[in-house]
Amino acid sequence: MGSTLRIVNGRVHDPANGVDGKTRDICIKDGKIVKSVPPKTKCVDAKGMVVMPGGVDIHCHIAGAKANIARKLQPDDHRRDIHRRMELEKINTRSGTGGTVPSTFTTGYRYATLGYTTAMEAAAPPLLARHTLEELDDTPVIDKGFYILMGNNVLLYKMLQEERHEEIRNAVAWWLNATKSYTTKLVSPGSDEPWKGHRNATITQLNDKIDGFEQLTPRKIITSMVNTVDDLGLPHPVHIHCNNLGHSGNYKTTLETMKAADGRRIHVTHIQFHSYGGKPDGEPTSKAPEIAEYINNNPNITADVGQVMFGKSTSMTADAPLAWMLTRYSNDKRWVNADTECESGCGIIPFAYQERVYTHALQWATGLELFLLSKDPWRMVLSTDHPNGGAFTSYPRLIRTLMDREFRKQQMESVNQRAVAKIKRGHHMEREYTLQEIAIITRAGPARILGLKNKGHLGPGADADITIYDEHEDKELMFSAPRYVIKDGRLIIDNHEFRNNHEGKILHVSPLYDEGIEDVIRPFVEDFYTIRFDNYAVSDHYAPRREVIPTTKQ
Amino acid sequence: MMRVAEKAKSEGNIKIVEDATCTFCGCLCDDMVLTVDVDAKKITKAKNACVLGKALFLNYEEEDRPFALIGGKEATTAEAVEEAAQILANARFPIIYGMSDTTCETQRKAVGLMDMLGGTIDSTTSVCHGPTGMALQGVGESTATLGEIKNRADLVIYWGGNPAESLPRHFARYAVTAKGMYTPNRKKDRTIVNIDVRHTKSVPVADIFIQVKPGADFELLWALRALVKNRHVDPNIEKKTGVSMKTMKDLVERMKNCRYGVLFFGMGLTMTRGRHFNSAAILSLGSDLNEYTHFIATPMRGHGNVTGADTVVAWQTGYPFGVNFSRGYPKFNPGEFTATDMFVRGDADAGLILASDPGSNFTQAAVDHMKKIPMIVLDPKYTHTAKLARVAFTTAHYGINVPGTAYRSDGVPIELRTCLDSKYPSDEEVITAIYRRVEQLLIAKKRSKGANNKRQKAA
């Protein structure tokens with residue numbers, strides 16, 4: 001930092017500022033993009049190249065307790081994919097292992113190598129926030145944040161049962177502060193109580209009563225959290241993994257969940273997994289047209305797709321009943337369940353999506369349909385729910401599938417034909433994403449949905465997180481090997497070579513709350529948790545480099 | 001927002017530190033109230049501590065020992081750092097072992113040091129629940145944080161462990177007499193079963209004690225798995241295990257019919273005949289039971305932060321213990337890259353022992369090799385291993401002098417408070433200093449090697 005840099009001659013795709021492929025200079029000073037720099041500044045010549053903001057991953061699972069159990073569980077996943085230590089001029093990088101759940105250092109380097117500069121870990125139980133932060137601190141180059149699981153929080157249930165909405169708002173704000181997290185996440189709200197307390201039972205309807213909380217339903221929890229997060233003015237709305245993930249016929253639940261938001265902001269994640277028709281326990285069909293249409297018509301809704309990619313994946317989720325169900329369909333006999341007291345469940349299984357399997361091919365096609373039917377790329381952005389639908393390293397292939405009609409057709413022909421036959425034909429199947437649209441669904445869109453004003457664009461004041469790709473017919477090749485990657489103004493990838501290490505920062509929120517709420521949370525923690533209340537909140541040293549993203553109320 | 005390090009009240013030379021954490025065992029009880037005589041540098045009271053915790057806190061004293069010893073002679077920390085760095089930089093197959101009684105902050109740096117050196121890193125896990133880590137890789141697990149068990153478990157089975165003596169507050173805080181959300185009547189709301197080869201001090205709290213013949217744990221576990229699945233079991237099993245079919249069937253019924261069951265297991269399973277097969281059998285039994293009800297199977301871990309060691313090594317390398325970097329990337333192979341094996345075979349040519357004392361508990365063959373090679377020891381105490389070391393650092397005590405993070409045996413990370421300062425450096429500071437010096441030495445070595453190559457080419 002403290003240095004200046006100018007990128008010249010590149011075709012710039014900066015959708016947030018309305019720049020679509022024009023050749024213009026980008027100036028960088030002190031890690032930020034500025035209007036101009038002195039004439040003698042060092043230049044990166046991007047002639048024949050495409051310049052975009054650094055990629056922003058809105059939903060991935062890269063750090064914390066469940067990711068680490070998934071690592072411990074699968075030496076087989078690491079063995080064939082090593083990441084060597086590099087001795088660079090200025091600094092050495094750390095070695096590690098890859099696979100679908102790479103070690104922390106490898107995760108950071110590989111995101112950077114793909115041109116991604118920000119990634120959000122999508123689910124951590126608040127009690128284990130320290131673990132998530134320690135791992136994120138060991139995840140180099142990228143900026144990162146995480147969402148806390150709040151959809152199965154027993155104390156919030158008790159408050160909601162008694163309609164103590166003001167206290168809920170304060171408690172949620174306290175929790176976000178205590179964990180240094182970015183927003184709240186609901187995972188299959190209401191499902192943990194029957195899972196843990198009722199012999200692994202589950203909940204299927206938004207109006208089902210929740211075990212032990214007769215006044216509560218998933219719908220009430222969703223409505224409460226949508227309102228709470230909106231009232232707090234968090235930069236990113238509540239992040240929802242709807243009930244019934246993966247079940248045939250679940251699109252109705254998804255539509256109901258979106259309707260329950262009643263016009264307020266809501267982000268529905270990995271929506272592909274929630275867009276199935278068919279009878280419960282029967283074969284799924286695609287209801288992507290219905291889901292896409294609803295989102296197209298309702299500007300309060302944003303979503304990421306959660307595309308399935310063929311090959312090895314790791315299913316790891318706070319949705320424990322889902323992982324249990326998946327054991328029926330997995331050839332791998334390993335299954336992990338992990339309960340977190342008063343806060344969450346968790347399930348992990350190694351998985352593989354196969355072209356020849358009807359359901360897998362249908363899931364793959366459903367994801368593509370959602371992309372192709374989406375009319376607003378700012379609100380339907382790219383994800384694979386890494387590593388659930390596939391690893392983040394498969395993004396370049398996914399981008400090619402969206403940009404290259406012929407490539408897509410070839411793939412369509414090689415997967416289960418019974419599944420493909422069920423996908424609606426139409427002119428949308430001919431659609432090819434443009435570079436500008438790709439820039440939206442992989443950086444500008446996620447940054448805007450996250451409320452990150454300094455990310456996802458190249459206007460003055462933005463963080464100098466920039467990726468420069470060689471233009472290439474083969475978009476998979478193009479997006480898998482950027483020519484230059486700049487993070488906070490530093491050249492990390494220079495002419496395809498990893499040249500520099502960098503430590504990114506933690507992005508978190510710090511909403512205001514009434515400190516009196518501690519008197520409500522304290523006795524509950526001391527009675528039903530196993531650590532002292534005063535040992536709950538994480539101290540600053542777990543996020544040595546951090547940026548507080550203000551709420552709209554601050 | 002509260003800060004963990006600041007919660008202390010002082011009056012004169014007496015300081016009270018509340019909610020401190022005891023790092024003696026894997027329970028990591030975080031409700032200590034320590035009364036500290038600052039002038040005398042003593043902890044005079046440790047409210048809520050068990051007998052082991054009291055021993056840790058009340059016997060704590062900063063011994064007036066040299067900052068370091070090199071070859072038995074007094075030295076400064078800086079001199080010892082230089083000597084240690086020379087040893088490591090010149091070793092061909094060094095190993096770091098231990099890590100169970102230090103902070104995650106130190107563990108993270110130690111893994112980095114070995115990554116740079118291309119050596120091996122291993123923790124005490126390899127001699128306690130390493131087999132469980134290996135079993136996990138084969139069969140998975142169904143686990144829970146201890147609070148969920150406190151709140152919900154109505155059937156608690158201890159197998160091959162003796163928490164009454166090794167984890168004294170396990171019963172009261174987590175699993176037997178603890179009061180939880182759905183267990184308001186404490187022990188009355190739970191059935192406690194103890195399965196062991198001998199009648200330990202943990203047996204009296206149990207409602208049911210099942211004595212299994214030594215070496216027959218696996219057979220008993222496998223028979224229970226079969227009975228859970230309604231398969232036929234050869235009646236000879238009674239003779240083999242010393243447990244009657246009636247007892248087995250009764251246990252199986254209880255397991256299938258409880259609301260939330262737990263199998264806690266100890267080194268009686270992992271360090272006896274069968275090892276990781278035993279762990280895999282009990283983890284599988286726990287998982288199988290989820291067809292009928294909610295069931296957990298989870299190890300009881302001993303040392304304060306041994307779970308942190310697994311956790312850190314796994315997030316940095318992908319593997320939990322027994323990791324080697326000599327090819328420039330992590331490789332995992334228990335038996336090859338585990339400390340005992342490396343010492344017994346004579347593979348290691350230098351060792352750094354971090355907060356552990358293998359000199360007192362490894363086999364004689366391993367200790368004999370340790371005596372032959374240059375060893376470096378970092379420990380607050382003058383341990384058996386320190387006595388046979390080339391370089392011995394005196395370091396400050398984690399959780400008393402040094403803050404940081406430790407993971408409870410169920411994976412809950414806890415931030416440690418401090419109550420007394422120490423004149424000795426933390427092991428994190430020493431490891432960091434060694435790291436910096438080794439880095440310089442390796443660069444110098446590379447340069448001189450490069451220069452030699454050039455000269456040879458020129459010749």
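Note that the coordinates shown come from a computational prediction; the quantities given were computed from them, not determined experimentally. In what follows, chains are A, B, ... by sequence order, proteins preceding strands, each numbered from 1.
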For the residue pair [X] and [Y], what are the closest heavy atoms and their distance?
X	Y	value
Arg327(B)	Arg84(A)	O-NH1, 3.1 Å
Trp335(A)	Ser142(B)	CZ3-CB, 4.0 Å
Asn151(B)	Phe528(A)	ND2-O, 2.9 Å
Arg417(B)	Asp534(A)	NH2-O, 3.2 Å
Pro330(B)	Gly96(A)	CD-O, 3.3 Å

Below 6.0 angstrom between ring centroids: does that apply to Tyr329(B) and His83(A)?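 Centroid distance Tyr329(B)-His83(A): not below 6.0 Å, so no.
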
I'd like to verify something: which residue of Leu283(B), Thr311(B), Val312(B) has the highest number of heavy-atom pairs under 4.5 Å with chain A?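 Heavy-atom pairs under 4.5 Å are most numerous for Thr311(B).
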
Under 4.5 Å from any heavy atom of chain B, what part of Ala65(A) do you find: side chain, backbone, both or neither?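 Answer is neither: Ala65(A) stays 4.5 Å or more from chain B.
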
Given Asp339(A) and Ile296(B), is the side-chain contact (heavy atoms from CB on, under 4.5 Å) satisfied, shown in steps? CA-CA 9 Å; Asp339(A) 304 338; Ile296(B) 304 298; 3.7 Å; yes

Ion pair check, Lys72(A) and Glu141(B), cut-off under 4.0 Å: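 No, no charged N to carboxylate O under 4.0 Å.
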
Residues Arg532(A), Asp31(B): salt bridge by 4.0 Å N-O rule: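 So Arg532(A) does not pair with Asp31(B) through a salt bridge.
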
When rounded to the nearest 0.5 angstrom, what distance separates [atom1] in [X] from [atom2] in [Y]?
X	Y	atom1	atom2	value
Arg199(A)	Tyr292(B)	CZ	OH	12.0 Å
Arg408(B)	Ile531(A)	CZ	CD1	7.5 Å
Asp138(A)	Trp315(B)	CG	CH2	6.0 Å

For chain A, which residues from residues 129-139 of chain B have at least one heavy atom closer than 4.5 Å to it?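 Hits under 4.5 Å: Leu136(B), Gln137(B), Gly138(B), Val139(B).
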
Are there residues of residues 106-113 of chain B whose heavy atoms fall under 4.5 Å of chain A's heavy atoms? If so, which?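 Checking residues 106-113 of chain B against chain A gives Arg108(B), Val111(B), Gly112(B).
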
Under 3.5 Å, is there a donor on one side chain and an acceptor on the other for Tyr542(A) and Thr405(B)?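 Per modelled atom types, Tyr542(A) and Thr405(B) side chains form a pair under 3.5 Å.
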
For the residue pair Asn535(A) / Asp19(B), report whether a side-chain donor-acceptor contact shorter than 3.5 Å exists.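 No, Asn535(A) and Asp19(B) have no side-chain donor paired with an acceptor closer than 3.5 Å.
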
In terms of the angle between their ring planes, are Tyr407(B) and His131(A) parallel, tilted or perpendicular, with boundaries placed at 30° and 60°?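 Answer is perpendicular, since the angle exceeds 60°.
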
Toward chain B: residues of residues 340-351 of chain A with heavy atoms under 4.5 Å: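 So far as heavy atoms go, Thr340(A), Glu341(A), Cys342(A) are the residues that approach chain B to under 4.5 Å.
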
Check each of Leu133(A), Leu128(A), Leu127(A) against Pro413(B) using the side-chain contact (heavy atoms from CB on, under 4.5 Å) test, and report the only one that passes.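 The option that passes is Leu128(A).
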
Holding to salt bridge (charged side-chain N to carboxylate O under 4.0 Å, His left out), I want the full list of residues that pass it with Glu291(B), two or more places apart in sequence or in another chain.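 With neighbours one apart ignored, the set is empty.
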
